[in-house]
Structures are given as C-alpha cells and as structure tokens.
Student: 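What follows is a structure written as structure tokens; I'll ask about it next.
Below, read A as the first sequence line, B as the second, and so on, with proteins coming before strands; counting in each chain starts at 1. No experiment lies behind these values; they were computed from the predicted model shown.
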Protein chains: 2
Amino acid sequence: MEGSEKKFYDYLATIQGYNEAINLMYWDLRTGAPKKGVESRSQAIGTLSAAVFDLKTSDEMKHLLDELSADSADLSQVTVKAVEEARKDYDQFKKIPAAQYKEYVILQSQAESIWEEAKEASDFSLFAPYLKKLVTFNKEFLEYWGYEGNKYNTLLDFYEPGMTVEVLDRVFGELRESIVPLVASIGSSSNQPETDFLFRHFPKEKQAAFNTYILENLGYDFSAGRLDETVHPFAISLNSGDVRITTKYDEQDFRTAVFGTIHECGHAVYEQNISKKLTGTNLCDGTSMGIHESQSLFFENFIARNKGFWKKNYSKLQEISPEQFRDIELDDYYFAINESKPSLIRIEADELTYPLHIMIRYEIEKGLFNDEIEVEDLPEIWNKKYEEYLGITPPNDAKGVLQDVHWSGGSFGYFPSYALGYMYAAQLKQAMLKDLQNFDELIEQGNISPVKEWLTEKVHTYGKLKKPLDIIKDATGEELKASYLIDYLNEKYSRLYKL
Amino acid sequence: MEGSEKKFYDYLATIQGYNEAINLMYWDLRTGAPKKGVESRSQAIGTLSAAVFDLKTSDEMKHLLDELSADSADLSQVTVKAVEEARKDYDQFKKIPAAQYKEYVILQSQAESIWEEAKEASDFSLFAPYLKKLVTFNKEFLEYWGYEGNKYNTLLDFYEPGMTVEVLDRVFGELRESIVPLVASIGSSSNQPETDFLFRHFPKEKQAAFNTYILENLGYDFSAGRLDETVHPFAISLNSGDVRITTKYDEQDFRTAVFGTIHECGHAVYEQNISKKLTGTNLCDGTSMGIHESQSLFFENFIARNKGFWKKNYSKLQEISPEQFRDIELDDYYFAINESKPSLIRIEADELTYPLHIMIRYEIEKGLFNDEIEVEDLPEIWNKKYEEYLGITPPNDAKGVLQDVHWSGGSFGYFPSYALGYMYAAQLKQAMLKDLQNFDELIEQGNISPVKEWLTEKVHTYGKLKKPLDIIKDATGEELKASYLIDYLNEKYSRLYKL
C-alpha cells in the first residue's frame, strides 16, 4: 500500500488511537475511578472527543477522501467501504453550519442534566422545552442532511443504515398484532410461575464466579477482555484484542447479573471476532446498533433462555448457591426465569413484552418528526399507548415518558434497533437451524462453539464491511421478516403458560 | 484571566487531557489489560505521545510563550513559572534538528529491546554498540542544548533542576567516606539478625488487607486514588484527584509489598497534596525526581523503618499473619527488616547500601560524558567499583552493568536523583524535628497527620512552583548537606549491630 491509501489508513489508525484512549477513560470512570478525579476526567474525555471530531472533519480528511474517490477503481473493496464510512462521518458534521452545531452540543449537555432533574422530580414539563429544542434542531439538521421518503429515515439510517419507516411499519405492525393478544392471554392464564426463590440472597462473589464460568463456556475470550462491576452494564471495545464486559450484581435478584452478563457477552463476542484484517480501520466495529443487539439477544434469549442451556448449567448454579436453588426443580426454575408480565420500565421488561416498549417509542419519534405529535402531548400519548399495548398505565412521568436517557442526548432513531435486533436474532436462529439441525442438543451439551462459529462466519467477521440488511439477506437468504420472532414467542409462551 | 494568558492555560489543559489519557493507558497496561490488546494499546500510546510532542513544540505554543514573555510584568508568579516550564520543554526538543531527534527516538526503541536480549544473554557486547550511539547522540544534543561548567550538568538539570556535578561530588564524596567503612564493620560484626521467618508464606489477600490498612493510616486518600497489583510497582498521577498506587505481592517475602507500597505511598501523597490552584497546569507535578524520591524515602525509611511505627503496627501484622509472626518478638522483627548486607542488585538493596549503588552509576555517567570512560570498558569498571565500595563482584553482566533499564532509554543523569532524594529526606526529617519535637511519639501513636501536614506545607503544595534546591533551603534553612543522612545511618546501624 502506498501514497494516499497508506496516508488514509495511517490517519484512521490515529483516530482509532484516540478512540481507544476515550473508551478506556470512559470504562475506567464506570468501573473504579476514584470520585475526586471525575471532574478532571470528564474534561480529558471532552478534550480528546473534540480532537476526534476535528480529525474526522479536517481538511486533510476531505483531501484524502477526495483523492481516493477520484481513482476508486484501483482500490480494494475494504478501502472503498472505509472511504464511504469516513465520508459519512464527514458529511454528517460538515453539512451543518459549525455555529449551529456548537449551539446544539451545548444544548445536549444542558438537556441531559435537566432530564435528570425532571426525572427526579417526575415532572415532564421541566424537560419539555429542552426536548422541543432538540427536536427542532434535528428537524433543521434533516434539511441539511437530506432525506428520501419519510424524514425519519435519515435518523434511522444513523443507527441502522438502510432501514426505513416502510420496513419498520410492516414488521412492527405484524409483531404488535401477535404480541398484544399473546400478552393478554398470558395475563389471564391460570398457570403462573412461582418466583419467590428468585429473590433469595446470592452473594456477589459467588455470582461473579458463576458468571465467569458461563462466559468461558459461551466462548468469550478472557485473554482479549475482562469482566468488571459497574452500575449500568455495558460492553466496550478498546481494540479488537481488548473487548471488556461490565456487569451489575443484585444480591437479591441474581438474574440481573446472569442475563445482563450473557447479553453483554453477545456484544463482546461480536467485537472479538471481527476479521483481524479490519483492525485499526473504521470498519472494525459492529455494522449497526440493530445487528449488535441481534448478537446480544441471541446469546441472552436464544441461548441462555433455551431450556437446554439450563439442563446443562442448572446443577452448577445449584452447586454455587445451594441454599437458593436446592429445593427448586429445573422445570420450575425454567418457568420462573421466563415469567412474562406487563411492566412499566423498558430495561426491566421480559423478552416477550420488551418489543412493545420499543414500538411505543418508535411511533412517538416517527410522529414527532412528521409533525403529527407535539412534545407537550407526550405524557398523555405515552400513557395511552402503554394502556393500549400493555394494559397498564404509568402512575407518573418518571415511570413513564421520562424513564429513558436517549432523547435528552438527542438520540432519535436509536430505539427501533432494540426490537430490530430481536427480529434479526430470531431470523438468524432459523437460518442457523438449517446448518446446525442439532442446535438444541449442542446447547444442552454446552457445546457452543459451532453456534459461535456460525455467527462469526455470517455476521461477526464482516465488521462494517456489510450493511445490516445485507448481513441478514446473505445469512438467511431472505429479507427481514417478523414471522420468525412471532413464531418463537407464540410457540414458547403458549407452551410455558399452557395456553 | 483573558487574552493570551487564558489561551495559554487552555492550551496547557489540553496537554493535561492528553497526558491523563496516556497515563491511564499505561496504568491499565501494567495492571490488568488483556494480553491480546497490548500491541494496539502500545500504538495508541505512541499516537497520543506524538500528539503531546506536537502540542509542546507547536508554533502556537511558541507564539503564546513569546507573547506572554513580552509583557511578563503583568503576569502572576504562577504564570511566569508555567511559561518558564513550557519554554524549557519547547527548547529541549526544538533546539535539536528534527531529523536527528527522529533518528534518536528510533534508536531508543531499538536499544531497549536489544538491552532486554543482552540482559537475557548476560552479554554486554550486544548492547555496547547501542549504548555507544546513545551516548554519542546525547553528546551532540549537549552542544545544541548548551551547558555551564561540566557537560553532565545539563543532563542532571533535566531530572534535578539546578543540580551540578560540583554539589554531587561534594555530598556523594562525604557519603561514600562514611558508608563504605560502616558497611564493612557491619559485615564483620558478630551481631547478625535472624531472618528466616521473613520468608514464611503470607497469602496475597492478607498482605493486601494489611497494605490497605497501612495506606489509610499514612494519610493516602482512597477517594483520590486506588491500589492495584502489578509486576514493577509505581505510583502514577492521572490528575490531582486520581493518584494511583501499584504494588507487587511476593507470598514468600512480604517486605516486597509492605515497603514497596509505603514507598509508592510517599510519591502518591506528594501528588495528592499539590495545591489545587495548580490543577490542569504544567506545574501540577513533583518538582524533580529527587524531591519525589525524598517523599517516597521519607515514608519508607523515616516512617516505616522507625521502630515506633512497628510498636504501633506489629500487633496488627501478627493478627493478620499469625503463623508467621506469632513466635517473633518485636525487637527481632525490627532487626530483621533492617538487615543490611552488600548485594548486587540496586532495586533489592537495603537502605544503607543503596546509595553506594547510585554513586557507582553516577561516577560512570560523569566519566562517559567527560570522555574519561569508554563504553567498551564499562563491565570492567562496574565490577571494580562494586568490589571497591561493596566488597562483592558481579558474576556476570546481567547481575552487573546490564541490570538497569535506564541507559537503554537514553536516561543519563537520572540515577543521582535516587541518592539525592535520600539526602533531602534526611535533611527534611532533621528540620521537621524542630517543629515536631515529638516525632517519634507521633509515629508510635500512629498519628501521622502532623508529619504529613508538615511535608505538605513545606514540599507538596508547591508542585513545580519551586525548584528542588529552593524547597530544601526554604524548608530546612540550609543548603543540601550529606551529614544528616550520614548521622542517621551511623547512629541507627551502630545501634542495631552493636558496633
């Protein structure tokens, strides 16, 4: 490699170096940095983030992109994609007038702290003026960025490249029509699980031992990562040989850590298995929020909520926490960890009701950007939709419209990825069954390697080389369909609740 | 603050942000980063270090320094010092032709890996050509940097501003004349300590508990730091609210961790107590290597090797590791941890023989830069000096001239700081006794606060605002004198060994 192409990759490696530093500072802040250093740390993160912004939008970057685009015929497929990705970043920021963007960044940080206050006070009216401004700014940005079809498509595209309202309306519509009645029948079923034992005391150290055991079993590579404790769990890639998982231990509800860790494990295994050819480039990352979520949900729901998984691991759990589980049969345990019932808080929802929480947010965002919904009316609309889809009404704003941080940071278009990821996961699972017909048996044997390898071959290895919808099409032979998730949920929950 | 002064401080804060990131990446690499991420991490550190170099030597920096120097009458004393410090950095690099400096940086990294190989093979001849080149480069640099009196003064000045060969020859000469015969009489004394019990098994977790207890007692602020495990212990300041200590646990020799941790605690307490007015500037750092070492050695030798310290803490140690210490009397314990005997390796030396290791290195470096010693002759010279000062001869190069990493990185002029720090510490202790006449009593009570506060008031708070020799003069009312250390060592070891 030489000339502009070499310069371009060196430039990307520099950006990667900065990002590694920023991510490590963030990780450290969330896992063990002493409190007196927090203020200075936040400033350091700000300094380096500003430098990354400058690097991504510099004249030098533009020059390199223009040069490489001029004779793209000679470039490798990887370079073409890397240029495309870098230009997308460049355009996203450069199309907006600098002064306006600066104003917006200030607004974002104000809005986040006001949102915290508003949530504390459970008073949406405090947050409303800021949210209104954030929406207005984004509407103006949309005019600079441009859009095809629905305006909201451009916002979706930032998180899920290629995704459109058209597709979402179709798949979410189908999903809603199936889940809403299913949730209702479960509610009125006379078969309900015993769950008391879930809340028995389970010491943190013992939970950590179990989680480490499970992570090793799931193929998480500890020589390219580590497990730490935090308040709001996440997985983070510092570089392709250092992808870390964090988790939270609730000594009165072990599920938080076990399923949380397995969820983050799915994210981390994705990042650990991106082709080493992409290391140091801007393609060495998950291709979208939705595909990322498909991997975490595959691990959490399709592996760890599979009964075979607990046939294999329940005795280990009983061994580590005998007082809690000694007197509980596997079937009762399995029913309990799959209990489904409508709840108010998205991040605490079970796997069946979860997509409904997402759809509500999607419908509201779409309405806001198509001038069909006013910010002032959000609490009312929010509560109505919860009543309609889940049959419950939030008692206040804190447990309703103010529960999520996303909007306060100006993240519109992000929420759909969560439910998309779930549908992707179900469709991937179905396709995987063609190659691994003994899937359930493998899980029951604790032989996860073939499953992980299949996902690596079809998804992980590509990083950002393929767009999300191409990943799904190439891996499953089909466009995105809601039916696989619908069938999975119907089949599983009808059986569990004997509907 | 406004105009250039404000710009200058913002610029310094940016550099501080980069340094925080670099230091965190380094700390993480030494305490728990997974091995597969090391290569990429090293590149990221390289990227950010290059950026700091660019920031410190940029045209913008020069412009700010020139502007501020032009009307320095209006500037605060802090700004004047900050400008002076920044210009020193600027000059150090800018006076050397860029191409030559680049060649030197490449040589440094080659030399470090060759040194590792040479040490492994215990063969100085492998390393000699690289060391020769490193010396030659530095001699050329000295012509660009300039010097007053002895050429070696300029090298000393990087680590110990204001220090000269004239001063060192005097104090090291006095020290040598006292220590060499003292070491000899100890060797021939019939009183020798029993030390077998020191090497009994002491589990890592219990050592960590004891170290945490001691750190809290010594005034290390855990809300502005943390304690972690590493291979080669160090203290590191990420920012003034985040100063971390690392330690190493040897389960067969608990002294490694206890005295190592207390040593690093001295460094860390220094950094934690620099005036908050200097936060974010280039003055928020220890003023020199020697003054830094004076703090670590004050804690390690004048506090933790004081008998009163163990009168207070020995019962705690017995409680934590009863099998090891139950049958050992305090007096025997105290004699054992103060055993002194000549040894080959600097970093394993006791507090009495340690300065001799330093003097040997000082004399060699001085000879090299005054063309009185040739690199080829180093093994022979080294071994002769060990025979002369310590009465022992290294059996090979690995345990002799190749033992330290410093020269392979081109660090000439660094070694004297270690022994200087020791003399500073002894002189500070003597001055402290005027204000805290009940020093021994305070230590015995575990009431370290007055001691720490004295050090903070006289040393810590200034950061780089005062030069090392001014710190000593202002705190003790005298120029640097070797006699305080000599008296301490003579008195203590004559008593211990009943000479």
Student: Hey, what do you get for CE (A:Met25) to CG (B:Asp28), rounding to the nearest 0.5 Å?
Tutor: 12.0 Å
Student: Would you mind telling me which of B:Gly17, B:Ala224, B:Ser223, B:Ala44 has the largest number of heavy-atom pairs within less than 4.5 Å of chain A?
Tutor: B:Ser223
Student: Where the side chain of B:Asn239 meets the backbone of A:Gly37, is there a donor-acceptor pair that is under 3.5 Å apart?
Tutor: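 Indeed, once roles are kept as given, a pair shorter than 3.5 Å links the two residues.
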Student: Which one of A:Leu48, A:Val38, A:Val243 has the most heavy-atom pairs closer than 4.5 Å to chain B?
Tutor: A:Leu48
Student: Using non-hydrogen atoms only, which part of A:Tyr18 is less than 4.5 Å away from chain B: side chain, backbone, both, or neither?
Tutor: both
Student: Please state whether the side chain, the backbone, both or neither of B:Asn19 comes within less than 4.5 Å of a heavy atom of chain A.
Tutor: neither
Student: Just checking B:Lys102: does its NZ atom have more than 12 heavy atoms from other residues, nucleotides or ligands closer to it than 6.0 angstrom?
Tutor: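 At most 12 heavy atoms, drawn from other residues, nucleotides or ligands, come within 6.0 Å of this atom.
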Student: Run the side chain to side chain contact (heavy atoms under 4.5 Å, CB included) check on B:Arg41 and A:Leu24 step by step: do they pass?
Tutor: CA-CA 10 Å; B:Arg41 173 63 56 82; A:Leu24 180 65; 3.8 Å; yes
Student: Step through the shown structure and confirm whether more than 12 heavy atoms of other residues, nucleotides or ligands are within 6.0 Å of NZ on A:Lys276.
Tutor: yes
Student: Looking at chain B, which one of A:Ala33, A:Ala21, A:Ser40, A:Ala13 has the largest number of heavy-atom pairs inside 4.5 Å, strictly under?
Tutor: A:Ser40
Student: Verify the neighbour count for atom NZ of A:Lys277: are there more than 12 heavy atoms of other residues, nucleotides or ligands below 6.0 Å?
Tutor: no
Student: Flag yes if more than 12 heavy atoms outside A:Gln110 fall under 6.0 Å of its CD atom; otherwise flag no.
Tutor: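 More than 12 within 6.0 Å, yes.
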Student: Drop me the distance from B:Thr279's OG1 to A:Gln43's CD, to the nearest 0.5 angstrom.
Tutor: 9.5 Å
Student: Check whether B:Gln16 gets within reach of chain A through its side chain, its backbone, both or neither, counting any heavy atom under 4.5 Å.
Tutor: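 Side chain only.
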Student: Taking C-beta and beyond as the side chain, do A:Pro34 and B:Arg244 meet within less than 4.5 Å on heavy atoms?
Tutor: yes
